[in-house]
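Before any comments, here is the structure.
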Amino acid sequence: MKKKLAVLLAGTMVMASLVACGGNDAAPATNDAPAAEPAAEDTAEPEAEVEEEAPADDAAEAPAASGDTISVGFAQVGHESDWRAANTQNYQDTFSEANGYELSFVDADNDNAVQLEAVRNFIQQEMDYICIAPIETAGWDTVLQEAQDAGIPVLIVDRSVDADASLYETQIGCDMVAEGETAGNWLGEYLDGADAKILVIEGSVGASATLGRTEGFNNIAAQHSEWEILDSQSGDFTQAGGQEVMESFIKSYSDFNVVVCQNDNEAYGAMDAMDAAGITYGVDGDVIIISFDATHDGLQYTLDGKINCNVECNPLQAGFAADVIRKLQAGEAIDAQTIVTDEAFVAPGITSQYAVTMTQEVLDGRAY
């Protein structure tokens with residue numbers, strides 16, 4: 001059933017700047033972490049609703065009072081990381097036939113043109129709702145206008161877009177600037193005034209996760225005259241990319257003592273490169289590793305002391321999208337932005353006001 005709600009609600013939308021997280025690469029070949037479990041992005045506006053956890057399951061069930069199936073098109077970034085695989089599974093589980101939905105899913109494989117075409121196909125198929133996890137922030141106004149003209153509400157999920165906020169219903173995701181700041185604050189606390197020679201392996205170029213995490217970390221780095229960021233290059237949120245960039249860094253720099261990886265898969269690749277070069281890292285090593293996402297394997301390495309600090313990005317976001325759709329179906333007001341809150345974790349033996357010390361119990365309680 002077509003719900004022409006986008007135009008009616010457009011005047012209430014304000015531009016929020018959310019960013020998101022970096023699927024399926026294996027953990028480092030040189031380490032014995034277990035395979036990744038099936039897994040369970042900038043500043044919030046005043047009216048944004050901050051959620052601690054996904055809405056209850058009943059928010060995703062029986063979405064239409066009439067009993068009609070609701071069609072949802074989901075244009076996903078790709079499958080570049082363990083986090084992405086968990087996020088995809090969460091959407092497929094939530095928007096299931098049993099819950100009253102028909103989900104049309106497209107994996108854009110990090111190709112922006114493919115993603116734009118997928119959204120246009122959803123419009124032609126007259127989907128009831130469209131969810132977009134945008135690969136890039138720019139270039140969305142035209143296709144979002146097309147969706148609005150067709151009367152199809154659009155939800156921007158996980159990442160953010162640089163587009164007129166009146167063209168979509170809401171943004172749902174994590175505050176990645178805050179995540180970057182958490183990583184920086186933890187490092188400042190941990191080093192306690194000591195010098196830092198920092199190498200950064202960024203995520204995909206143009207992704208709001210990359211932009212947000214970089215901005216947040218740099219906000220804190222600017223407050224530390226004793227820190228120097230030696231280099232910052234994209235590893236494209238993949239293990240292979242992280243390894244390639246780290247190998248290049250090792251050839252160019254010999255005095256680094258901090259490596260910041262913008263997702264866990266990049267950290268695995270960086271560890272592989274340092275293992276091959278005989279460079280020690282982690283709690284007992286010469287190099288501090290900071291990672292993002294806090295997937296199961298990433299937290300296993302944190303528990304093992306190989307990753308010093310791991311900042312979470314919660315992939316279980318589909319429940320929030322289902323709750324928005326339920327409210328739109330019922331004619332209820334929705335928030336312009338919903339922030340999915342995160343934690344940070346540090347290796348055993350480290351105490352921090354910014355992070356939780358990892359334990360086996362914490363790891364066992366992870367759903368992704």
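Along the sequence shown, residues carry numbers from 1.
How far CD of Gln125 is from OG of Ser104: 5.5 Å, rounded to the nearest 0.5 Å. In this structure, Gln148 CD and Ile123 CD1 are separated by 11.0 Å, a value rounded to the nearest 0.5 Å.
In this structure, the ring of Phe95 has its center no less than 6.0 angstrom from the ring center of Phe105.
Residues Val200 and Phe256 fall into different hydrophobic clusters, defined by Ile, Leu, Val, Met, Phe, Trp and Tyr side chains chained together at heavy-atom separations under 4.5 Å. At a threshold of 4.5 Å between side-chain heavy atoms, the hydrophobic network of Ile, Leu, Val, Met, Phe, Trp and Tyr places Ile229 and Phe292 in one connected group. Connection of Leu230 to Val245 is established within a shared hydrophobic cluster, with ILVMFWY side chains joined at heavy-atom distances below 4.5 Å, either directly or through further cluster members. A continuous path of Ile, Leu, Val, Met, Phe, Trp and Tyr side chains, each step under 4.5 Å between heavy atoms, connects Phe122 with Leu167, placing both in one hydrophobic cluster. Put simply, Ile250 and Ile198 are part of two different groups of oily side chains (I, L, V, M, F, W, Y) that touch within less than 4.5 Å, one to the next.
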Quiz item: Yes or no on side-chain contact (heavy atoms from CB on, under 4.5 Å) for Thr137 and Arg159, after CA distance, side-chain angles and deciding distance?
Solution: CA-CA 8 Å; Thr137 60; Arg159 298 179 174 182; over 6 Å; no
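Between the side chains of Glu202 and Ser232, at least one donor N or O sits under 3.5 Å from an acceptor N or O. For the residue pair Gln89/Asp93, the side-chain donor-acceptor check at 3.5 Å is satisfied. There is a side-chain donor-acceptor pair under 3.5 Å between Thr214 and Gln262. No side-chain donor from either of Tyr281 and Asn308 sits under 3.5 Å from a side-chain acceptor of the other. With hydrogens and angles left out, the side-chain atoms of Gln233 and Asp231 include a donor and acceptor closer than 3.5 Å.
The backbone N or O of Gly206 sits nowhere less than 3.5 Å from a side-chain atom of Thr210 that would complete a donor-acceptor pair. For Glu189 (side chain) and Gln353 (main-chain N/O), a donor-acceptor pair under 3.5 Å exists by modelled atom type. In this structure, Asn110 contributes its side chain and Gly78 its backbone to no donor-acceptor pair below 3.5 Å. Judged by distance alone, the side chain of Thr357 and the main-chain N or O of Ile350 form a donor-acceptor pair under 3.5 Å. In this structure, the side chain of Asn257 engages the main chain of Asp195 through a donor-acceptor pair within 3.5 Å.
Other residues, nucleotides and ligands contribute only 12 or fewer heavy atoms inside 6.0 Å of the CD atom of Glu97.
Of the candidates Glu179, Glu266, Glu181, Arg213 forms a salt bridge (Lys or Arg N to Asp or Glu O under 4.0 Å) with just one, namely Glu179.
Across Ala347 and Gly305, no two heavy atoms sit closer than the pair CB-CA, 3.9 Å. The shortest heavy-atom contact between Val106 and Ala118 is CG1-CB, 3.7 Å.
Ring geometry, Phe74 versus Tyr91: the interplanar angle falls under 30°, so the pair is classed parallel (tilted spans 30 to 60°).
With sequence neighbours excluded, the residues satisfying ring-ring contact (aromatic ring centres under 6.0 Å, His included) with Trp186 are Tyr190.
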